[in-house]
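Quick caveat: nothing in here was measured; it's all calculated off a predicted structure. In the text below, chain A, chain B and the rest are named by the order of the sequence lines, each starting its count at 1.
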Amino acid sequence: MRPAYTPEILPHREREINSLASVLVSALRGQTPSNILIYGKTGTGKTAVAKYVGKELQRKGDELKKRVHFIYINCEVVDTQYRVLQNIANSFIRDWSERVPFTGWPTDEVYSKLKAEMDKEDGVTIIILDEVDKLSGDDVLYNLSRMNGDLQKARVSIIGISNDLKFTEFLDPRVKSSLGEEAMVFPPYDAVQLQDILRQRAAMAFKDAVLDESVIPMCAGLAAQEHGDARRALDLLRVAAELAERERSKKVADRHVRLAQAKIEVDRVTEVVRTLPTQSKLVLLSTILGEETNKDVNQSGLTTGEVFEIYAELCRKIGLDILTQRRITDLISELDMLGIISARVISKGRYGRTREIALSVNGPSTKEVLAEDELLHEVVHWKPVRRQQQKIV
DNA sequence: AATCCACAGGAAGATTAGGATA
DNA sequence: TATCCTAATCTTCCTGTGGATT
């Protein structure tokens, strides 16, 4: 049930598998397949399909005695030019003493080593770059895409995977044209398709009849509402089962799914808040504190100015530089996009135009997470002093 | 209809951290 | 190891604006 598991059968991705395979089969005839870009939101099976087709191709290649290599790289983990090249090069080198070290070599030496090794091995190499958009600088892509010109015998083809449809807009036009020779878009799953996926996995993971009938449709439905993310659906089912197990329940019921949904959301928020930069944490804390005091006075609608004042006060208390209000505006937008606060622009007529800021998560528990930060520890329970209400003269 | 508040949010430049390169 | 580059962060300066009030 875990996201890392890649199943053997991918329901409702036959079309994608076939079209990807039809581009790549030319590798079996010794030709160079086009480079491909795969787009799709999270949990639409991009990685699974790419890995699956890659493995199949390698298997067929072994049967036909054609050399087909297949390398998977997650660019979120391996995000610099050096490390990408190093990774690819090392996948060709058996002997540990020959391997490219983590650091020390000039980048172009790694590049020529890689070329040498590939030519020695011959055949077609398919490189999957997952999360290409996380790669820093487009040199890597440029170098890899022009590699075919530098190689004597061997050939490479690149499969880039991205969940950002506008990814290529910021790319060097040369890279863009060579990388985007073929583009594929993976559509999100609908609720019915998600049910099939869940059923297939559930059959492997659970004993018969431990799931209430409605559990799978419910997980599928909830995940379908959130852009048809299969990973989300599986998480829901897994967490629901874990919760049921923990309370020694014989069956997994709707109730557990609902609890699971709440737990996943809480975990997500906790994680996001914990990893926020200090300044953003302060802005968030200011919002919480501001909302608390506003509630006392029964006056709603926290404005940018109010949050900024509380923020500035907090900074003074703990001796941190105060950022400008312009910057705080942006930090507020970021928190809004992360979904932990909501900020919408409203007009108060004569009294200006501002954003109305409200917390969209639980205040007290968020404070606890913020309190884990040493710097903030002493101010989490501080109460801002209400300013005088502005008099209308 | 005109005014004017309290910001929103764009443009451009300064600063800085960390990786690339010599 | 020194310095050059790049990307991210932050500031300064700015123009724009919805609608209650005048």
Side-chain angles (χ1 to χ4, degrees), chain A residues 73 75-89 100-114 129 131-144 146 162 164 166-175 272 275-284 286-287 290 294 299-316 318-338 341-358 375 386-393:
Chain A
I73 290 176
C75 301
E76 196 165 19
V77 188
V78 182
D79 64 347
T80 65
Q81 180 170 23
Y82 184 91
R83 287 205 288 259
V84 169
L85 293 176
Q86 183 219 8
N87 254 273
I88 304 171
V100 180
F102 296 101
T103 178
W105 289 17
T107 311
D108 50 348
E109 202 173 327
V110 183
Y111 183 72
S112 24
K113 174 80 175 172
L114 173 58
L129 297 174
E131 323 255 328
V132 256
D133 39 14
K134 300 285 165 55
L135 227 43
S136 69
D138 43 6
D139 293 20
V140 210
L141 294 175
Y142 179 67
N143 284 333
L144 284 177
R146 75 186 178 126
S162 161
D164 182 5
K166 291 181 294 180
F167 160 63
T168 49
E169 278 179 25
F170 307 99
L171 233 48
D172 185 317
R174 289 170 299 183
V175 179
V272 168
T275 55
L276 238 35
T278 312
Q279 296 286 5
S280 299
K281 283 183 184 170
L282 271 175
V283 174
L284 176 58
S286 307
T287 313
N294 262 5
Q299 181 235 32
S300 64
L302 206 49
T303 68
T304 304
E306 286 163 358
V307 170
F308 179 71
E309 263 177 46
I310 301 171
Y311 158 83
E313 190 55 39
L314 289 176
C315 279
R316 256 173 253 126
I318 61 179
L320 223 67
D321 292 350
I322 303 171
L323 301 180
T324 51
Q325 182 157 338
R326 179 66 185 84
R327 180 63 186 142
I328 298 306
T329 303
D330 285 343
L331 292 183
I332 289 171
S333 308
E334 280 172 29
L335 291 175
D336 178 49
M337 282 196 294
L338 288 170
I341 66 174
S342 73
R344 61 195 184 87
V345 184
I346 55 155
S347 175
K348 302 215 265 182
R350 188 67 221 268
Y351 301 104
R353 226 159 78 88
T354 181
R355 264 135 113 198
E356 192 176 57
I357 301 160
L375 270 168
R386 277 228 121 251
R387 279 188 315 142
Q388 291 274 306
Q389 283 282 342
Q390 294 204 344
K391 283 240 172 73
I392 304 156
V393 188

Please give, in whole Å, the distance from [N] [atom2] to [X] [atom1]?
X	N	atom1	atom2	value
A/K348	B/dA6	NZ	C1'	9 Å
A/R344	B/dG9	CZ	P	13 Å
A/K134	C/dA7	NZ	P	17 Å
A/E356	C/dG18	CD	C1'	15 Å

(message) What's the separation between atom CD in A/Q86 and atom CZ in A/R83, rounded to the nearest 0.5 Å?
(response)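 Here the interatomic distance stands at 8.5 Å.
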
(message) Distance check, rounded to the nearest 0.5 Å: A/Y111 atom OH versus A/N143 atom CG?
(response) 5.5 Å

(request) Take A/R355 and A/S333, measure what side chain to side chain donor-acceptor pair (under 3.5 Å) needs, and give me the verdict at the end. (result) CA-CA 10 Å; A/R355 264 135 113 198; A/S333 308; 2.4 Å; yes

Going by side chain to side chain contact (heavy atoms under 4.5 Å, CB included), name the residues that satisfy it together with [X], two or more places apart in sequence or in a different chain.
X	answer
A/S347	A/R353
A/T303	A/E306, A/K348, A/T354
A/L338	A/V272, A/L276

(message) Can you see if the side chain of A/R350 gets near the phosphate of C/dG19 - specifically, an N or O under 4.0 Å from OP1 or OP2?
(response) no

(request) Tell me what A/T303 touches on the nucleic acid: a base, only sugar-phosphate, or nothing, going by heavy atoms under 4.0 Å. (result)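 Touches sugar-phosphate only.
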
Does any non-hydrogen side-chain atom of [Y] lie less than 4.5 Å from one of [X]?
X	Y	result
A/L129	A/V140	no
A/L320	A/Q279	yes
A/F308	A/I322	yes

(message) Does the protein touch nucleotides 8-17 of chain C at the base, only the backbone, or not at all? Give it as B, S and - per nucleotide, heavy atoms under 4.0 Å.
(response) -SSSB----B

For nucleotides 2-4 of chain C, print each protein N/O atom paired with a nucleotide N/O atom at under 3.5 Å, atom names and distance only.
none

(request) Answer yes or no: are there more than 12 heavy-atom neighbours, outside A/R344 itself, under 6.0 Å from its atom CZ? (result)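 Not more than 12 within 6.0 Å, no.
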
(request) Please tell me which of A/R355 and A/G352 maps to the more 5' nucleotide of DNA chain B, matching each residue to the nucleotide holding its nearest heavy atom. (result)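 The residue whose closest nucleotide sits nearer the 5' end is A/G352.
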
(request) Kindly say whether, by distance alone, the side chain of A/S347 makes a donor-acceptor pair under 3.5 Å with the base of C/dG18? (result) yes

(request) Heavy atoms only: give me the nearest A/L314-A/S286 pair and the separation to one decimal. (result) CD1-OG, 3.4 Å

I'd like a table of atom pairs between the protein and nucleotides 15-22 of chain B - only N or O on both sides, under 3.5 Å - with the distance next to each one.
none

